[in-house]
There are 2 protein chains.
Amino acid sequence: MDARVSSQAIRLDILETLDFNNCPVRDVMGQIGGKWAPLLLISLSERPYRFSDLRRSVPDISQRMLTQTLRDLERDGFVARTVYPTKPPSVEYALTPLGRSLLVPLSGVINWAESNHEAVRAARIRYDAA
Amino acid sequence: MDARVSSQAIRLDILETLDFNNCPVRDVMGQIGGKWAPLLLISLSERPYRFSDLRRSVPDISQRMLTQTLRDLERDGFVARTVYPTKPPSVEYALTPLGRSLLVPLSGVINWAESNHEAVRAARIRYDAA
DNA sequence: GCCCAAGGTTACAAAAAGGGAACTGCCATG
DNA sequence: CATGGCAGTTCCCTTTTTGTAACCTTGGGC
C-alpha cells in the first residue's frame with residue numbers, strides 16, 4: 001500500500017476562505033460527482049466524440065442520461081457542442097479549455113481511484129464484517 | 001483565466017482498463033461526491049475532530065447527515081473512529097493513511113474548484129441566457 | 001414503401017439522497 | 001431537580017437523480 005504520504009504535500013487554500021452558502025466545492029463536485037459525468041469526461045479527454053460514439057463508448061448509459069449529462073457539462077463550460085450540417089446532421093462534443101484544465105486535477109483523483117480501489121473494497125469488507 | 005493547459009499533462013491510465021461493471025471511478029467518486037463528504041475531509045485534513053467539533057465546523061449539516069457521512073467514510077477506510085472512555089465519552093474522527101493519500105489528488109480538484117468557480121458560474125449564466 | 005441511423009424529447013416510475021424533529025442514555029453543573 | 005452537552009438513533013417526509021419506454025424528424029438504402 002502506497003497510501004502513506006507526508007501531510008506537507010497537501011495544500012488546501014480553500015480552508016481560509018470557504019463560504020458554505022456559495023460553495024465552489026459543491027458547485028464543481030456536484031457536476032463531476034454524478035454517475036456519468038466522470039466517464040464522459042474521460043472519454044472526451046481522448047478526442048472529440050459524436051453523440052452515438054459516446055453511447056458506444058459508455059455502453060450502459062441511456063440516451064436520456066447521455067443527453068442530460070452532456071447538457072450539464074456544456075452548461076458549466078466543460079464541453080462544447082458543435083452541430084455540423086451534414087446529410088444526417090452530426091453533433092460533436094469536445095472538451096473546452098476549461099474542461100481540459102479540470103481534467104488535470106481530476107485525472108489525479110481518477111488515477112488514485114484506480115490504484116486504491118482494492119484498498120477501499122478491502123476496508124468495506126472489514127467494516128461490514130464487524 | 002488560466003484554464004489553458006497542454007493536453008500532454010494529462011495521463012489517464014484508466015482508459016485501457018476501465019471495467020464498467022466494477023468501476024473504481026464510481027466507487028470512489030460515489031463517496032467523495034456526496035454533499036458533505038468533501039467538506040468533512042477538508043476539515044479532517046487539518047486535524048482530528050470530535051463529533052460536536054465537526055458539527056460546529058460545518059454549520060449547516062444535520063446530526064443525521066454527519067453521522068451517516070462519517071460512517072460511510074469510515075467504512076471506506078478514509079476515516080478512523082476512536083472512542084475515548086472519558087466521563088462523557090468522547091469520539092474522535094481522524095484521517096487514516098488511506099484518507100490522507102486520497103486528499104493529495106482531491107485537494108487538487110478542490111483548489112481547481114476554488115480557482116475556477118467564477119468561470120463555471122459565468123458559463124452557466126451564458127448558457128441560461130441562450 | 002419500409003426500415004434504419006442520427007440525435008434527440010417527453011412522460012412516467014423507481015430509487016437514492018437528503019432534511020426535520022423527536023427521542024435516547026449518560027453524566028455534570030447550578 | 002431541571003438544564004445542558006455529548007454522541008448518537010429512529011421515523012417520516014420531500015427532493016433529486018436515475019432508469020424505462022415510447023415517440024419524433026430528416027434522410028438514405030433496398
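Convention: sequence-line order gives letters A, B, ...; per-chain numbering from 1. Model, not experiment: these values are computed from the prediction.
- At whole-Å resolution of the value, CG in B:Leu66 and C1' in C:dG19 are 14 Å apart.
- For the pair A:Phe51 CZ and D:dT26 C1', the computed distance is 16 Å after rounding to whole Å.
- An OP1 or OP2 oxygen of C:dG20 is reached within less than 4.0 angstrom by no side-chain nitrogen or oxygen of B:Ser62.
- For B:Asp72 and C:dG18, the CG to C1' distance is 12 Å, given to the nearest whole Å.
- Below the 3.5 angstrom threshold, one finds a donor paired with an acceptor across the side chain of A:Gln63 and the base of C:dG7.
- Distance, A:Tyr84 OH to C:dA6 P: 17 Å, rounded to whole Å.
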- request: Take B:Leu41 and B:Ile110, measure what side chain to side chain contact (heavy atoms under 4.5 Å, CB included) needs, and give me the verdict at the end.
  value: CA-CA 11 Å; B:Leu41 289 173; B:Ile110 289 169; over 6 Å; no
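- B:Trp36 has its CH2 atom 14 Å from the P atom of D:dT16, to the nearest Å.
- For a distance-only test at 3.5 Å, the side chain of B:Arg64 qualifies as a donor-acceptor partner of the base of C:dG20.
- With rounding to whole Å, A:Gln68 atom CD is found 19 Å from C:dG7 atom P.
- At least one side-chain nitrogen or oxygen of A:Lys35 sits closer than 4.0 Å to the OP1 or OP2 atom of D:dG19.
- Counting non-hydrogen atoms under 4.0 angstrom, A:Thr67 reaches a base of the nucleic acid.
- No contact: B:Arg55 has no heavy atom under 4.0 Å from any strand.
- For B:Met65 and D:dT16, the CE to C1' distance is 13 Å, given to the nearest whole Å.
- For A:Arg56, a side-chain nitrogen or oxygen approaches OP1 or OP2 of C:dA6 to under 4.0 Å.
- Contact between A:Leu98 and B:Ala119 at its shortest, heavy atoms only, is CD1-CB, 3.9 Å.
- The pair B:Asp72-B:Arg75 fails the salt-bridge criterion, with no side-chain N (NZ, NE, NH1 or NH2) lying under 4.0 Å from an Asp/Glu carboxylate O.
- A 4.5 Å side-chain heavy-atom check between B:Gln31 and B:Leu102 finds every atom pair outside the cut-off.
- Along DNA chain D, the nucleotide nearest to A:Pro89 and the one nearest to A:Ile61 differ in position, and the one closer to the 5' end is contacted by A:Ile61.
- Take the nearest nucleotide of DNA chain C for A:Tyr93 and for B:Gly30: the residue whose nucleotide is more 5' is A:Tyr93.
- The heavy-atom pair separating A:Leu95 from A:Arg100 by the smallest distance is O-NH2, 3.2 Å.
- Whole-Å rounding puts the B:Arg81 CZ to D:dC6 C1' distance at 12 Å.
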